[in-house]
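Everything below concerns the one structure shown next.
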Amino acid sequence: MSVVVRFAPSPTGFLHIGGARTALFNWLFARHHKGVYRLRIEDTDRARSTKQAVDAILDGLAWLGLDWDGEVVFQSQRLERHAEVARQLLAEGRAYYCYCTPEELEEQRERARAAGKPIRYEGTWRDRDPREAPAGVKPAIRLKAPQEGETVIQDHVQGEVRVANAQLDDLIILRADGTPTYNLSVVVDDHDMGITHVIRGDDHLTNAFRQTQIYRALEWDVPEFAHVPLIHGPDGAKLSKRHGALGVDAYREMGYLPEALRNYLLRLGWGHGDAEIISTEQAIEWFDLSGIGRAPSRFDFAKLDNLNGHYLRQADDERLVALVVERLEAELGPIGPEGRSRLLQGMAGLKARAKTVAELAASARFYVRPRPVPLDEAAEQLLGSEGRAALLSLMPHLAKVEWSAATLEAEVRREAESRGVKLGALAQPLRAAVTGSKVSPPIFEVMAILGRDETLGRIEDALRSAP
RNA sequence: GUCCCCAUCGUCUAGAGGCCUAGGACACCAGCCUUUCACGUUGGUAACACGGGUUCGAAUCCCGUUGGGGACGCCA
């Protein structure tokens, strides 16, 4: 039997990190089994679903590289089919009309709460004669769920989970306005789409019981389930906007690479021995449901940063230049071919030092800034009067040397030696004057990339700016 | 309140009764490398929540306690 899975977000907000991981797991599972991975937008909440949210989800998935198979299914376009199934259950006597008003139901809930009993529908209309129906009340349709025994699900992550049917109530499958409710829609769509494995967040575990009851009433095959533990914030509490319940676009904005996020998300809740750095190809080969852990996990930016740094160092220079230019242009205006060329030459030295694209852009800024390059506080301190004096006396030597990283370094080393100072005594002021900062890629490499005129010009600027 | 799930270093995890004096990774600390910062490298601190069983033997199995989490909508 071929595997068919789906990712089914509801477009009431952005694609958050938990959803991204669910999508990743489904995608990996499908690719591993050479099956089908589909996307279904659960937009039946007409009031809260927005086009922007749908776009954000689609964009987020595309950025993450989780391509789906076939057409996107919009649940809102299948309402008629869902209603038809509800009516079928009604006709078969496996569902019934319920004439309770929302107020009555609220009273029932209150009563149950007060009595310390499970909060559930009392079954008021389950066996009542519909002829007693109050006039003018539009009924909802409820599933006639089993009252005895228990409902059991075999979960690939949680194992066998069972709950007494007495805990469950007769859930509404079709609202009074004729629209289907979530659990019915999910069951009908999963069935119609031929979904074989439902991999989703653990918060759906209890829905699995209700959905199982609907499957049974319909005499349809129940799919395999895998409920993945949720992702918590660093403090162990529910993810909040402060620490991780951000849209994937926010991670992109912070400068994370999609391949790094994929690797991080994969390892968050799934393991394969000691493997940490896992390429997507390798992940497809290895991914299995049994590797999913059963405990919730916490989101940790430090580890994501580390992974991102790894993938950054691995990334193609041209690609990184494009990402950096995009950010730098937003800040400094258009960057010409010369600037791009410097960035490309300097990228190897730059990317070895960054954790995120944002950091990369910040540290690359000096390559494309127009003179005079502003000196930050640390650079100013490094220069001081001694630093400037050192640079001044170094100028003639720099002016005459052949302009390459190796010759520049050799010349400055020779000078340091003859002056009886450490290389740093000359290199640091140079770095400060040329980059405006005390931290940069190797300074002779920087000088070589910048070229003789630009470098000497910057040094002169720094000398002139003496306080 | 009711039901369900979970529990190994700070974090992510390896571990499916003896291979565990509990392994790896991130973070942290120290050393090395070094023109800065990173990278790299070497070493270090650090965990089986607690209490009972079962067993010759338990991180691994069972029960309870505690602590987290999730669900209880005519939302999805």
Side-chain angles (χ1 to χ4, degrees), chain A residues 8-12 42-45 47-49 75 98 100-102 105-106 109 112-120 138-142 155 157-159 161-164 166-169 171-177 179-183 185-186 201-207 209 227 229-230 232 234 236-238 264 267-277 290 293-307 309-310 313 349-355 363 378 382 409 412-413 416 422-428 430-432 435 437-444:
Chain A
S10 72
T12 52
E42 310 218 313
D43 57 347
T44 51
D45 186 338
R48 291 195 296 157
S49 300
Q75 201 159 56
C98 169
C100 287
T101 62
L105 296 174
E106 188 45 44
R109 278 191 282 269
R113 228 186 302 268
K117 292 205 286 206
I119 297 167
R120 49 191 286 277
K138 277 197 174 174
I141 295 179
R142 284 185 186 269
D155 193 277
V157 176
Q158 310 293 352
V161 187
R162 45 180 67 221
V163 69
Q167 287 295 330
L168 274 12
D169 61 2
L171 78 162
I172 289 176
I173 52 178
L174 198 73
R175 299 187 186 94
D177 67 2
T179 60
T181 57
Y182 173 72
N183 282 303
S185 295
V186 167
D202 201 23
D203 50 339
H204 285 284
L205 188 60
T206 48
N207 283 327
F209 292 108
H227 288 92
L230 304 180
H232 294 157
K238 214 170 172 179
Y264 178 71
R267 284 289 291 107
L268 198 59
W270 181 87
H272 184 89
D274 283 344
E276 294 289 347
I277 302 288
S290 63
R294 295 196 296 172
S297 47
R298 301 189 187 198
F299 194 90
D300 180 20
F301 274 104
K303 188 143 183 175
L304 209 210
D305 280 350
N306 175 270
L307 238 21
H310 170 84
R313 273 171 254 133
L350 254 13
K351 72 182 181 184
R353 297 171 163 69
K355 296 265 188 243
S363 65
L382 224 38
E409 175 168 356
V412 175
R413 275 189 190 278
K422 284 190 167 179
L423 181 56
L426 298 179
Q428 282 301 83
L430 267 177
R431 186 190 315 281
T435 71
S437 150
K438 75 166 187 179
V439 176
S440 82
I443 188 59
F444 304 112

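Residue numbering restarts at 1 for every chain, and letters A, B, ... go by the order of the sequence lines.
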Any donor-acceptor N/O pair, [X] side chain to [Y] backbone, under 3.5 Å:
X	Y	value
A/Asp305	A/Lys355	no
A/Arg120	A/Ala166	yes
A/Arg431	A/Pro441	yes

| field | Side-chain heavy-atom pair A/Ser49, A/Pro11 within 4.5 angstrom cut-off | value | yes
| Heavy-atom side-chain proximity of A/Leu171 to A/Asn183 below 4.5 angstrom |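 The answer is yes, as the side chains (C-beta and beyond) meet within the 4.5 Å cut-off.
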Polar-atom pairs under 3.5 Å, protein N or O versus N or O of nucleotides 72-76 of chain B: list them with distances, or write none.
residue : atom : partner  : partner atom : Å
B/C72   : O2'  : A/Ile119 : O            : 2.7
B/C74   : O3'  : A/Arg175 : NE           : 3.4
B/C74   : O2   : A/Ala176 : N            : 3.1
B/C74   : N4   : A/Cys100 : O            : 2.7
B/C75   : OP2  : A/Arg175 : NE           : 2.1
B/C75   : OP2  : A/Arg175 : NH2          : 3.4
B/C75   : O5'  : A/Arg175 : NH2          : 3.3
B/C75   : O3'  : A/Arg175 : NH2          : 3.1
B/C75   : O2'  : A/Asp45  : OD2          : 2.5
B/C75   : O2'  : A/Arg48  : NH2          : 3.2
B/C75   : O2   : A/Arg48  : NH2          : 2.9
B/A76   : OP1  : A/Thr44  : OG1          : 3.3
B/A76   : OP1  : A/Arg175 : NH2          : 2.6
B/A76   : OP2  : A/Arg175 : NH2          : 2.9
B/A76   : OP2  : A/Tyr182 : N            : 3.1
B/A76   : O3'  : A/Glu42  : O            : 3.0
B/A76   : O2'  : A/Ser10  : OG           : 2.9
B/A76   : N6   : A/Asn207 : OD1          : 3.3
B/A76   : N6   : A/Asn207 : ND2          : 3.4
B/A76   : N1   : A/Asn207 : ND2          : 3.4

Can you tell me the base-pairing partner of [N]? Count Watson-Crick or G-U wobble geometry only, both distances below 3.5 Å, and say none if there is no partner.
N	result
B/U60	none
B/A30	B/U42
B/A22	none
B/C9	none
B/A16	none
B/U2	B/A71

Nucleotides 44-48 of chain B: which of its N/O atoms have a protein N/O under 3.5 Å away?
none

How long is the line joining [atom1] of [X] and [atom2] of [N], in whole Å?
X	N	atom1	atom2	answer
A/Phe209	B/G70	CZ	P	17 Å
A/Arg113	B/C3	CZ	C1'	14 Å
A/His232	B/C5	NE2	P	16 Å
A/Asp305	B/A27	CG	P	9 Å
A/Leu230	B/A7	CG	P	14 Å
A/Leu307	B/G24	CG	P	19 Å

Please report the distance separating the [atom1] of [N] from the corresponding atom of [M], rounded so that it comes out in whole Å.
N	M	atom1	value
B/C62	B/U55	P	16 Å
B/C29	B/A7	C1'	29 Å
B/U60	B/G51	P	13 Å
B/G69	B/G52	C1'	26 Å
B/G40	B/A25	P	12 Å
B/G67	B/U21	P	33 Å
B/U11	B/C20	P	25 Å
B/G31	B/A22	P	27 Å

Using 0.5 Å steps for rounding, measure from the [atom1] atom of [X] to the [atom2] atom of [Y].
X	Y	atom1	atom2	value
A/Gln428	A/Lys438	CD	NZ	8.0 Å
A/Arg413	A/Phe444	CZ	CZ	7.0 Å
A/Arg142	A/Thr181	CZ	OG1	10.0 Å
A/Asn306	A/Glu276	CG	CD	9.0 Å
A/Ser185	A/Glu42	OG	CD	7.5 Å

Restricting to nitrogen or oxygen on both sides, can you table the protein-nucleotides 39-41 of chain B pairs closer than 3.5 Å?
none

Distances for protein N or O near nucleotides 33-37 of chain B N or O, under 3.5 Å:
residue : atom : partner  : partner atom : Å
B/U35   : OP1  : A/Arg413 : NH1          : 3.4
B/U35   : OP1  : A/Arg413 : NH2          : 2.6
B/U35   : O2   : A/Arg431 : NH2          : 2.3
B/U36   : O4'  : A/Gln428 : OE1          : 3.0
B/U36   : O4'  : A/Gln428 : NE2          : 3.4
B/U36   : O2'  : A/Lys438 : O            : 3.2
B/U36   : N1   : A/Arg431 : NH2          : 3.2
B/U36   : O2   : A/Ser440 : N            : 3.0
B/U36   : O2   : A/Ser440 : O            : 3.2
B/U36   : N3   : A/Arg431 : NH1          : 3.2
B/U36   : N3   : A/Ser440 : O            : 2.6
B/U36   : O4   : A/Arg353 : NH2          : 3.4
B/U36   : O4   : A/Pro442 : N            : 3.3
B/C37   : O2   : A/Arg353 : NE           : 2.6
B/C37   : N3   : A/Arg353 : NE           : 3.0
B/C37   : N3   : A/Arg353 : NH2          : 3.0
B/C37   : N4   : A/Arg353 : NH2          : 3.4

Considering all heavy atoms of both residues, which atom of [X] and which atom of [Y] are nearest to each other, and what is their separation?
X	Y	result
A/Pro229	A/Asp202	CA-CB, 3.8 Å
A/Ala432	A/Leu382	CB-CB, 4.0 Å
A/Gly269	A/Ser297	N-OG, 4.4 Å

| query | Does any donor atom in the side chain of A/His227 or A/Asp155 lie under 3.5 Å from an acceptor atom in the other side chain? | reply |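 Distance-only check passes for A/His227 and A/Asp155.
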| side-chain hydrogen bond (donor to acceptor under 3.5 Å, both in side chains) against A/Thr179, all qualifying residues, sequence neighbours excluded | A/Arg175, A/Asp177
What's touching nucleotides 10-17 of chain B from the protein side, N or O pairs under 3.5 Å?
residue : atom : partner  : partner atom : Å
B/C12   : OP1  : A/Arg298 : N            : 2.9
B/C12   : O2'  : A/Arg267 : O            : 2.8
B/C12   : O2   : A/Lys303 : NZ           : 3.3
B/U13   : OP1  : A/Gly269 : N            : 2.5

| Parallel, tilted or perpendicular for A/His272 and A/Trp270, by the 30°/60° rule? |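 Geometry flag for A/Trp270 against A/His272: parallel rings.
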| Are A/Phe299 and A/Tyr264 an aromatic pair by the rule of ring centers under 6.0 Å? | yes
